[in-house]
Amino acid sequence: MFRRVFKLAAAISLGLATAGTVQAATCGNNASGFDAWKQAFAAEAQRAGVGQRGIQALMNAQYSTTTISADRNQKGVKYALNDFIRIRLGSLDGFAATGRKRVQSNPQFYSSIEQRYGVPAGILVAIHGMETGFGRTMGSVPVVSSISTVAYDCRRSSFFTPHALAALQMVDRGMLSPSQKGAAHGELGHTQFLPGNAMRYGVDGNGDGRVDFYNEWDALASTANFLRQKGWQPGQPYQEGTANFRVLNEWNAATVYQQAIALAAERIDR
């Protein structure tokens, strides 16, 4: 899973302004302090408004060695564009053909999303395919355990702590099962949102009155909302050098990822 750039205003969005005056849970670099950290973090979470369901999910969380291994072995994206496409997509034409079939299976949905957010179907479907193979591989690590592990780990604790609190809030609100699985760093659902961004940008895409990132339509509508909120300009081009292409950097910081998305989306939208 490639690292994303998410500029999360945690203290505002998660109501943590008052928590700063209380000593934070102490981070660690191995499993030995995780249980003690959970106890301290539970108190922080309660002060941030997390209820009993979320606290119980935290107490049941396990230190994830899978997450730590993935975090320690991140190498970034160093492929040339053609190699990246071959490895991740197989081929642009084959990937786009699959993407067009998905759009054709529910054209009314994609049309309504573009009308509301201005993001064309090709971009959403390309992201969906790139992130999880159109929902086939959404991760195998329990989300609460993985996001709690990287919040506890000293390497990037300050970045992941707001996302851990958000995951617990999602459990409270029924947006996330306590045992739901996702990617190694807590990314969840069809398009792999981090929990804080799921809370901020999540919308109900299928009209059932709830937001569920493991529902394809909710996840895609939320992805469109994210891009629009980050500056996507409706009706404008999105190839390299355009303002909309720059918005893709908010989703993923790897240039080859952005290039592949734009090229695949162009073929899907034809």
Discussion item. I need the Glu216 CD to Phe109 CZ distance, nearest 0.5 Å.
Written reply: 7.5 Å
Item to complete: List the steps, then state whether side chain to side chain contact (heavy atoms under 4.5 Å, CB included) holds for His128 with Leu220.
Response: CA-CA 8 Å; His128 189 199; Leu220 291 174; 3.9 Å; yes
Practice prompt. Please examine the side chains of Val144 and Pro178, heavy atoms only from C-beta on, and report whether any two atoms are closer than 4.5 Å.
Written response: no
Response to the item:
Taking every heavy atom of Ala45 against every heavy atom of Leu168, the minimum-distance pair comes out as CB-CD1, 4.0 Å
Practice prompt. Give the C-alpha distance, both sets of side-chain angles, the deciding distance and a yes or no for side chain to side chain contact (heavy atoms under 4.5 Å, CB included) between Asp204 and Trp217.
Written response: CA-CA 8 Å; Asp204 176 14; Trp217 314 120; over 6 Å; no
Practice prompt. State which residue, out of Asn206, Thr223, Val203, fulfils the side-chain contact (heavy atoms from CB on, under 4.5 Å) condition with Asp218.
Written response: Asn206
Discussion item. If you define the side chain from C-beta out and look only at heavy atoms, does anything of Val256 sit under 4.5 Å from Arg88?
Written reply: no
Fill in: Minimum heavy-atom distance Met199-Ala166, with the two atoms named
CG-CB, 3.8 Å
Worksheet, complete the sentence: dist Ile123:CD1 -> Trp251:CH2 (nearest 0.5 Å) comes out at 11.5 Å
Worksheet item: How many angstroms lie between atom CE of Met138 and atom NE2 of His190, to the nearest 0.5 angstrom?
Response: 4.0 Å
Discussion item. Between Phe84 and Leu89, is there a side-chain heavy-atom distance shorter than 4.5 Å?
Written reply: no
Practice prompt. Just grab all the side-chain hydrogen bond (donor to acceptor under 3.5 Å, both in side chains) pairs involving residues 132-154, residues at least two apart or on different chains.
Written response: Arg72-Asp153
Worksheet item: Is it true that Ile68 and Val141 fall in one hydrophobic cluster, defined by side-chain heavy atoms closer than 4.5 Å?
Response: no
Worksheet item: Between Phe213 and Tyr201, does the ring centre distance come in under 6.0 Å?
Response: no
Worksheet item: What are the two closest non-hydrogen atoms of Glu114 and Ala121, and how far apart are they?
Response: OE1-N, 4.3 Å
Item to complete: Please report the closest heavy-atom contact between Pro120 and Trp232, naming both atoms and the distance.
Response: CD-CZ2, 3.8 Å
Worksheet item: Are Phe226 and Tyr117 side-chain neighbours, meaning at least one heavy-atom pair lies under 4.5 Å?
Response: no
Practice prompt. Side-chain contact test, heavy atoms from C-beta onward, threshold under 4.5 Å: evaluate it for Glu187 versus Glu131 and give yes or no.
Written response: no
Practice prompt. Check whether any side-chain heavy atom of Asp71 lies under 4.5 Å from a side-chain heavy atom of Arg155, and answer yes or no.
Written response: yes
Worksheet entry | Close side-chain approach of Phe41 and Thr161, heavy atoms under 4.5 Å | yes
Discussion item. Using every non-hydrogen atom in the two residues, find where Ala184 and Thr67 come nearest and quote the distance to one decimal.
Written reply: O-OG1, 2.6 Å
Do any side-chain atoms of residues 258-270 form donor-acceptor pairs under 3.5 angstrom with protein atoms, and if so which ones, sequence neighbours left out?
| unit_1 | atom_1 | unit_2 | atom_2 | d |
| --- | --- | --- | --- | --- |
| Gln258 | NE2 | Asn249 | OD1 | 3.1 |
| Gln258 | NE2 | Asn252 | O | 2.8 |
| Gln259 | NE2 | Glu240 | OE1 | 3.2 |
| Gln259 | NE2 | Glu240 | OE2 | 3.2 |
| Arg267 | NE | Asp93 | OD1 | 3.2 |
| Arg267 | NH1 | Leu263 | O | 3.4 |
| Asp269 | OD1 | Gly122 | N | 2.7 |
| Asp269 | OD2 | Tyr238 | OH | 2.9 |

Can you give each donor-acceptor pair under 3.5 Å made by side-chain atoms of residues 29-37, sequence neighbours left out, with the distance rounded to 0.1 Å?
| unit_1 | atom_1 | unit_2 | atom_2 | d |
| --- | --- | --- | --- | --- |
| Asn30 | OD1 | Ser32 | N | 3.0 |
| Asn30 | OD1 | Ser32 | OG | 2.4 |

Worksheet entry | Student check: side-chain heavy atoms of Tyr79 and Arg86 closer than 4.5 Å | no
Worksheet item: Do the side chain of Arg102 and the main chain of Val125 share a donor and acceptor less than 3.5 angstrom apart?
Response: no
Worksheet item: Once you round to the nearest 0.5 Å, how far does NZ of Lys230 lie from CZ of Arg246?
Response: 16.0 Å
Discussion item. Restricting to non-hydrogen atoms, name the atom on His163 and the atom on Asn197 that form the minimum distance, rounded to 0.1 Å.
Written reply: CE1-ND2, 3.5 Å
Fill in: Gap between atom CD of Gln239 and atom CG of Leu248 - 0.5 Å precision
9.5 Å
Worksheet item: Roughly how far apart are Leu194 CG and Ile147 CD1, rounded to 0.5 Å?
Response: 5.5 Å
